[in-house]
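Report on the structure given below.
Predicted, not measured: the structure shown is a model, and the values here were computed from it. First the proteins, then the strands, lettered A, B, ... as listed; each starts at 1.
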Number of protein chains: 2
Amino acid sequence: MGDEMKIPQATAKRLPLYYRFINNLYLQGKLRVSSKELSDAVKVDSATIRRDFSYFGALGKKGYGYNVEHLLQFFRRTLDQDETTEVALIGVGNLGTAFLNYNFMKNNNTKIVVAFDANDRLVGTEIGGVPVAHIDDLEEKMGNVSVAILTVPSQEAQGITDRLVERGVSGILNFTPARISVPPTVRVHHIDLSVELQSLAYFLKHYPL
Amino acid sequence: MGDEMKIPQATAKRLPLYYRFINNLYLQGKLRVSSKELSDAVKVDSATIRRDFSYFGALGKKGYGYNVEHLLQFFRRTLDQDETTEVALIGVGNLGTAFLNYNFMKNNNTKIVVAFDANDRLVGTEIGGVPVAHIDDLEEKMGNVSVAILTVPSQEAQGITDRLVERGVSGILNFTPARISVPPTVRVHHIDLSVELQSLAYFLKHYPL
DNA sequence: CTAACTTTGTGAAATCCATCACGTTTTTTG
DNA sequence: CAAAAAACGTGATGGATTTCACAAAGTTAG
């Protein structure tokens with residue numbers, strides 16, 4: 001594993017974005033790309049892109065740019081694109097349903113393999129090709145997925161989280177407004193939709209561009 | 001307007017989060033709260049919370065903490081909670097529908113007032129209390145909303161964005177994987193669901209906790 | 001009232017990140 | 001082939017943010 005453990009987190013967060021755009025270029029048949037072109041596409045400063053890539057060594061050639069196929073293969077390896085990460089989704093409400101129907105597998109190595117909900121009307125059905133099980137059977141039916149998407153009502157968030165952690169989940173994408181507590185070995189990414197909307201509104205009013 | 005234009009962006013992004021938790025405390029009848037307690041609740045370091053608050057002056061009292069009601073009133077003013085920001089939603093697919101059904105107005109000063117889609121079957125209906133209009137009538141029916149939520153297919157993203165910008169929208173919450181181009185006077189926040197999921201997977205594999 | 005305790009607000013240090021600026025290498029053009 | 005242009009990789013810089021750590025001020029208990 002880790003050749004390079006020293007990649008800045010900010011860089012790591014951009015890698016999947018780079019990967020997607022490089023893949024698009026590849027599909028379009030482009031052979032080479034410069035940091036400037038990539039910058040226009042992903043809206044990240046070209047110097048930042050070069051810096052990001054440089055953490056992995058010299059991927060480009062001076063005066064030429066980057067070879068698209070080479071870059072793509074590199075990112076595929078780095079992002080483990082050949083190995084699918086299996087994901088469980090907890091809470092098949094509006095948002096959960098949207099994710100199940102969303103085709104995450106397009107340019108993506110993550111796949112929702114099972115969903116859980118407390119609503120008996122949903123249990124046993126399939127949504128977006130994913131079977132829905134009862135939340136009571138969580139421990140029994142979640143297999144060995146290590147990542148969970150949490151789209152339950154906030155009140156349930158901590159309780160479910162505790163069960164997920166107990167079951168060995170090591171990453172949680174939390175869409176509930178609740179800030180959940182986990183042991184230090186578990187990573188949580190929060191996506192708080194109303195905070196995003198409110199902070200956008202705040203920026204608009206107080207940080208005129 | 002701006003008494004203090006010098007609040008760090010990182011702080012500004014946390015304000016809505018603080019607001020929500022302080023509101024919860026208020027509803028629970030708590031009279032005071034320390035930065036340490038708040039830290040446990042929102043999972044932000046207590047020194048960071050104190051620093052954040054300090055940009056607005058001395059909101060607390062040494063040895064005591066912060067008076068919940070006072071804090072709440074302060075944040076309500078600061079975040080313009082009394083003035084609702086009207087929002088338009090473009091693209092009533094799975095994700096868009098989820099947002100329409102989601103009750104954004106709970107502890108929130110933003111409200112989706114109109115939605116647009118190209119599907120004639122949806123046009124004229126109401127979802128989550130929000131009327132759906134045809135995308136062709138965008139200019140005519142969006143009133144003077146200044147914020148838009150973009151949940152259209154990526155291919156449409158740039159075209160719709162151009163029309164929104166032309167119509168005077170100054171903030172866009174972009175849920176499409178496309179990186180849209182806007183003039184420098186328009187603020188865009190990207191929420192890229194598959195990037196979030198992939199980067200979480202990457203962190204899990206490469207940044208063991 | 002005093003002593004022990006609590007908690008803020010903030011200098012100072014540390015960290016993290018983005019960007020500039022340019023030497024170097026390669027490509028392209030004439 | 002020579003000169004001009006393109007574009008990388010990176011040292012250095014500056015800016016933003018987080019965190020430490022502690023004096024000052026207030027609270028609580030006896």
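Residue pairs meeting the salt bridge (Lys or Arg N to Asp or Glu O under 4.0 Å) criterion with at least one partner in residues 58-79 of chain B, sequence neighbours excluded, are absent. Residue pairs that meet the salt bridge (Lys or Arg N to Asp or Glu O under 4.0 Å) test with at least one member in residues 83-94 of chain A, sequence neighbours left out, are E83(A)-K205(B). Sorted by first then second residue, the salt bridge (Lys or Arg N to Asp or Glu O under 4.0 Å) pairs that include residues 142-161 of chain B, not counting sequence neighbours, number zero. Listed by first and then second residue, the side chain to side chain donor-acceptor pair (under 3.5 Å) pairs that reach into residues 160-173 of chain B are E139(B)-R163(B), Q158(B)-D162(B), sequence neighbours excluded.
Checking side-chain atoms of N94(B) against main-chain N and O of Y102(A) turns up no donor-acceptor pair under 3.5 Å.
In this view, D45(B) satisfies the side chain to side chain donor-acceptor pair (under 3.5 Å) rule with no residue, not counting sequence neighbours. For F203(A), the ring-ring contact (aromatic ring centres under 6.0 Å, His included) partners are Y207(A), H189(B), not counting sequence neighbours. Not counting sequence neighbours, S54(A) has no partner by the side chain to side chain donor-acceptor pair (under 3.5 Å) test. Here F53(B) pairs with Y18(B), Y66(B), F75(B) under the ring-ring contact (aromatic ring centres under 6.0 Å, His included) rule; sequence neighbours left out.
Residues of residues 66-77 of chain A that place a heavy atom closer than 4.0 Å to DNA chain C do not occur. Listed in residue order, the members of residues 38-46 of chain B having a heavy atom less than 4.0 Å from DNA chain C come to none.
Candidate nucleotides dG9(C), dT10(D), dC17(C) were compared by shortest atom distance to the side chain of S54(A), and dT10(D) ranks first.
Atom pair I49(A):CD1 and dC8(D):P shows a separation of 9 Å (rounding to whole Å applied). Per the geometry, CZ belonging to F53(A) stands 14 Å off C1' belonging to dA7(D), to the nearest Å. Summarising the geometry, the separation between OH on Y55(A) and P on dC16(C) is reported as 11 Å, rounded to the nearest angstrom. D52(B) places its CG atom 15 Å from the P atom of dA16(D), with the value rounded to the nearest Å. A straight line from CZ of F56(B) to P of dT10(C) spans 14 Å, rounded to a whole angstrom.
When each of A47(A) and G65(A) is assigned the nucleotide of DNA chain D bearing its nearest heavy atom, the one mapping closer to the 5' terminus is G65(A). Residue order along DNA chain C, read from the 5' end via each residue's closest nucleotide, puts K36(B) first among K36(B) and A10(A).
Contact check, T48(B) against dT19(D): a side-chain N or O comes under 4.0 Å of OP1 or OP2.
Heavy atoms from other residues, nucleotides or ligands lying under 6.0 Å from CG of D82(A) number more than 12.
Using a 4.5 Å heavy-atom threshold, the side chains of P16(A) and V195(B) count as touching.
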query: Run the side chain to side chain contact (heavy atoms under 4.5 Å, CB included) check on V145(B) and V87(B) step by step: do they pass?
result: CA-CA 6 Å; V145(B) 305; V87(B) 177; 6.0 Å; no

task: List the steps and the verdict of side chain to side chain contact (heavy atoms under 4.5 Å, CB included) for Q198(A) and Q81(B).
output: CA-CA 10 Å; Q198(A) 280 200 79; Q81(B) 286 298 320; 2.7 Å; yes

Measure all distances between protein nitrogen or oxygen atoms and nitrogen or oxygen atoms of nucleotides 11-15 of chain D, and list the pairs falling under 3.5 Å.
| unit_1 | atom_1 | unit_2 | atom_2 | d |
| --- | --- | --- | --- | --- |
| dG11(D) | O6 | R51(A) | NH2 | 2.4 |
| dA12(D) | N6 | R51(A) | NH2 | 2.9 |

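If you check every strand for non-hydrogen atoms under 4.0 Å, T11(A) touches nothing.
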- line: Nucleotide by nucleotide, nucleotides 22-30 of chain D touches protein heavy atoms under 4.0 Å in the pattern (B base, S sugar-phosphate only, - none) --BBSSS--

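Closest of all the heavy-atom pairs between V44(A) and S39(A) is O-OG, 2.7 Å.
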